[in-house]
Amino acid sequence: MIPFGKAKKVREGSDVTIVTFGALVERSNQAAKRLEQQGITVDLIDLRTLVPYDWEAIAESVKKTNRVIVAHEDPLSFGYGAELAARISDELFEYLDAPVRRVGATDTFVAYAPQVEDFILPQSEDVEKAVKDLMKY
């Protein structure tokens with residue numbers, strides 16, 4: 001049984017936090033492995049449940065890394081990730097060294113065709129690029 005409201009730490013890192021759930025956990029983990037070879041370590045949090053979610057795990061990680069990306073398969077606009085990013089920006093602003101970033105799907109319906117679906121939904125390369133961009137701050 002997965003405990004409600006208890007996140008799982010997938011990877012331990014100190015440079016950037018990735019808060020995610022669902023399919024983006026594995027894609028973010030793939031990106032984190034590639035980033036580690038470049039000297040960037042990722043604190044990867046799998047929320048596992050969204051209502052409730054583990055705010056304490058998010059806050060602890062952001063206070064440690066001072067950078068955060070929220071990665072999810074929902075569209076960027078009006079999605080769950082936007083709410084997480086807003087709360088992080090509001091309540092953890094003093095700990096941030098860079099803006100809160102989101103990696104999400106394009107603002108469109110998800111196509112059934114695999115080639116188009118891969119374009120619409122975020123891939124591990126999208127997460128990797130977002131981390132590299134965030135590390136520039």
Side-chain angles (χ1 to χ4, degrees):
M1 294 281 292
I2 296 173
F4 284 105
K6 185 68 179 149
K8 177 182 177 185
K9 181 75 67 97
V10 178
R11 293 183 74 85
E12 193 75 38
S14 60
D15 293 316
V16 63
T17 298
I18 298 177
V19 178
T20 190
F21 53 91
L24 263 291
V25 174
E26 182 52 33
R27 291 178 190 156
S28 297
N29 197 27
Q30 291 169 4
K33 288 176 185 177
R34 291 192 301 270
L35 289 160
E36 192 168 40
Q37 294 173 349
Q38 300 167 46
I40 300 170
T41 61
V42 172
D43 216 38
L44 181 56
I45 298 173
D46 177 3
L47 290 178
R48 300 194 295 183
T49 63
L50 300 179
V51 179
Y53 64 91
D54 192 346
W55 174 250
E56 291 74 28
I58 295 170
E60 179 183 321
S61 182
V62 170
K63 289 176 183 179
K64 177 175 75 170
T65 67
N66 308 113
R67 292 177 176 86
V68 62
I69 291 173
V70 180
H72 58 94
E73 279 194 317
D74 293 329
L76 282 177
S77 298
F78 315 108
Y80 201 83
E83 289 301 317
L84 288 170
R87 184 170 182 193
I88 293 166
S89 295
D90 184 44
E91 296 184 29
L92 299 174
F93 180 78
E94 64 191 275
Y95 299 100
L96 294 171
D97 290 339
V100 177
R101 295 287 190 214
R102 292 176 292 143
V103 174
T106 58
D107 288 330
T108 187
F109 298 104
V110 178
Y112 183 70
Q115 316 85 291
V116 182
E117 183 178 303
D118 287 347
F119 175 77
I120 294 170
L121 297 176
Q123 304 300 313
S124 65
E125 295 81 10
D126 300 317
V127 176
E128 183 178 358
K129 181 183 180 318
V131 170
K132 287 179 180 179
D133 289 347
L134 197 60
M135 290 304 297
K136 292 177 185 173
Y137 279 89

J.: Could you state the interatomic distance from CD1 (Ile88) to CZ (Arg101), rounded to the nearest 0.5 Å?
T.: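 Ile88 atom CD1 to Arg101 atom CZ measures 13.5 Å (nearest 0.5 Å).
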J.: Tell me, do Val127 and Ile69 make a side-chain contact under 4.5 Å, heavy atoms counted?
T.: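 With C-beta onward as the side chain, the pair stays apart.
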J.: Hey, does the side chain of Arg67 reach the backbone of Tyr137 with a donor-acceptor pair shorter than 3.5 angstrom?
T.: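 Indeed, once roles are kept as given, a pair shorter than 3.5 Å links the two residues.
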J.: Taking the inter-plane angle between the rings of Phe21 and Tyr80 on a 0 to 90° scale, is it parallel (under 30°), tilted (30 to 60°) or perpendicular (over 60°)?
T.: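 Phe21 vs Tyr80 ring planes: perpendicular.
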J.: Report whether Val62 and Ile45 are members of the same hydrophobic cluster (ILVMFWY, side-chain heavy atoms less than 4.5 Å apart, transitive linking).
T.: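 Yes; tracing contacts between hydrophobic side chains, which count when under 4.5 Å, links both residues.
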J.: Taking all heavy atoms of Leu121 and all of Ala105, pick out the closest pair and write down the distance.
T.: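 Between these two residues, the closest heavy atoms are CD2-CB, 4.0 Å.
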J.: If you take all heavy atoms of Leu24 and Pro122, which pair is closest and at what distance?
T.: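 Closest heavy-atom pair between Leu24 and Pro122: CD2-CG, 3.8 Å.
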J.: Drop me the distance from Lys129's NZ to Glu125's CD, to the nearest 0.5 angstrom.
T.: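 Reported to 0.5 Å precision, the distance equals 12.5 Å.
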J.: Under the rule for side-chain contact (heavy atoms from CB on, under 4.5 Å), what residues qualify as partners of Val10, not counting sequence neighbours?
T.: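 Only Val25, Asn29, Leu44, Asp46 meet the side-chain contact (heavy atoms from CB on, under 4.5 Å) criterion with Val10.
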J.: Are Leu96 and Val16 linked, directly or through intermediate hydrophobic residues, by side-chain heavy-atom contacts shorter than 4.5 Å (ILVMFWY only)?
T.: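 Not linked; separate clusters.
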J.: Determine whether Met135 and Leu35 make a side-chain contact, defined as any pair of heavy atoms from C-beta on separated by less than 4.5 Å.
T.: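 No, every pair of side-chain atoms sits at 4.5 Å or beyond.
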J.: Taking all non-hydrogen atoms of both residues, which atom of Ala111 and which atom of Val116 are closest, and how far apart?
T.: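 Ala111 and Val116 have their closest heavy atoms at CB-CG1, 3.5 Å.
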J.: As an exercise, state the distance from CD1 of Ile2 to NZ of Lys8, rounded to the nearest 0.5 Å.
T.: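 Rounded to the nearest 0.5 Å, the CD1-NZ separation comes to 9.0 Å.
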J.: Hydrophobic clusters here meaning ILVMFWY residues chained together by side-chain heavy-atom distances under 4.5 Å, can you tell me if Val51 and Tyr53 are in one?
T.: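 Yes; tracing contacts between hydrophobic side chains, which count when under 4.5 Å, links both residues.
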J.: Whether the side chain of Asp133 engages the backbone of Ala130 through a donor-acceptor N/O pair (distance < 3.5 Å, no angle test) should be reported.
T.: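 Absent.
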J.: So, Asp15 side chain and Val42 main chain: donor-acceptor pair closer than 3.5 Å or not?
T.: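 No.
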J.: Can you find a side-chain donor-acceptor pair between Thr65 and Asp43 that sits under 3.5 Å?
T.: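 Looking only at side-chain atoms, Asp43 and Thr65 do not form any donor-acceptor pair under 3.5 Å.
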J.: Where do Asp107 and Pro75 come nearest, in terms of heavy atoms and distance?
T.: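 The pair with the smallest heavy-atom distance is OD1-CB, 3.3 Å.
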J.: How close do Gly5 and Thr49 get, counting heavy atoms only, and between which atoms?
T.: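 In this case the closest contact between Gly5 and Thr49 is N-OG1, 2.7 Å.
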J.: At their closest point, which heavy atom of Ala82 faces which heavy atom of Leu76, and how far apart are they?
T.: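 For Ala82 versus Leu76, the nearest heavy atoms are CB-O, 4.1 Å.
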J.: Look at atom CD of Glu83 and say whether more than 12 heavy atoms of other residues, nucleotides or ligands are closer to it than 6.0 Å.
T.: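 Incorrect, the count does not exceed 12.
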J.: Using the side-chain contact (heavy atoms from CB on, under 4.5 Å) rule, pick out the option among Val70, Val68, Leu47 that qualifies with Ile58.
T.: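 Answer after filtering Val70, Val68, Leu47: Leu47.
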J.: Can you tell me if Arg48 uses its side chain to pair, donor with acceptor, with the backbone of Lys6 under 3.5 Å?
T.: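 Indeed, once roles are kept as given, a pair shorter than 3.5 Å links the two residues.
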J.: Backbone N or O of Glu36 within a donor-acceptor pair of the Thr41 side chain at under 3.5 Å?
T.: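 Pair absent, no side-chain N/O of Thr41 close to backbone of Glu36.
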J.: Please confirm whether the backbone N or O of Phe119 pairs with a side-chain atom of Gln123, one donor and one acceptor, at under 3.5 Å?
T.: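 Such a contact is absent between Gln123 side chain and Phe119 backbone.
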J.: Could you see if Leu84 belongs to whatever hydrophobic cluster contains Leu50? Use Ile, Leu, Val, Met, Phe, Trp, Tyr and a side-chain cutoff under 4.5 Å.
T.: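 Same cluster: Leu84 reaches Leu50 through Ile, Leu, Val, Met, Phe, Trp or Tyr contacts under 4.5 Å.
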J.: Can a donor-acceptor pair be found, under 3.5 Å and without considering hydrogens, that links the side chain of Asp54 to the backbone of Ala7?
T.: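 Checking the backbone N and O of Ala7 against the side chain of Asp54, a donor-acceptor pair under 3.5 Å is found.
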J.: Take atom CD in Gln30; do more than 12 heavy atoms of anything else shown fall under 6.0 Å from it?
T.: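 Yes, the 6.0 Å shell around CD holds more than 12 heavy atoms from other groups.
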J.: Do any N or O atoms from the side chain of Lys64 and from the backbone of Gly13 form a donor-acceptor pair under 3.5 angstrom?
T.: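 Looks like yes, one N/O pair under 3.5 Å.
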J.: Mark yes when over 12 heavy atoms from residues, nucleotides or ligands other than Lys9 sit less than 6.0 Å from its NZ; otherwise mark no.
T.: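 For Lys9, atom NZ is crowded (more than 12 foreign heavy atoms under 6.0 Å).
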J.: Does Ala85 offer a backbone N or O that forms a donor-acceptor pair with the side chain of Ser89 under 3.5 Å?
T.: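 Present.
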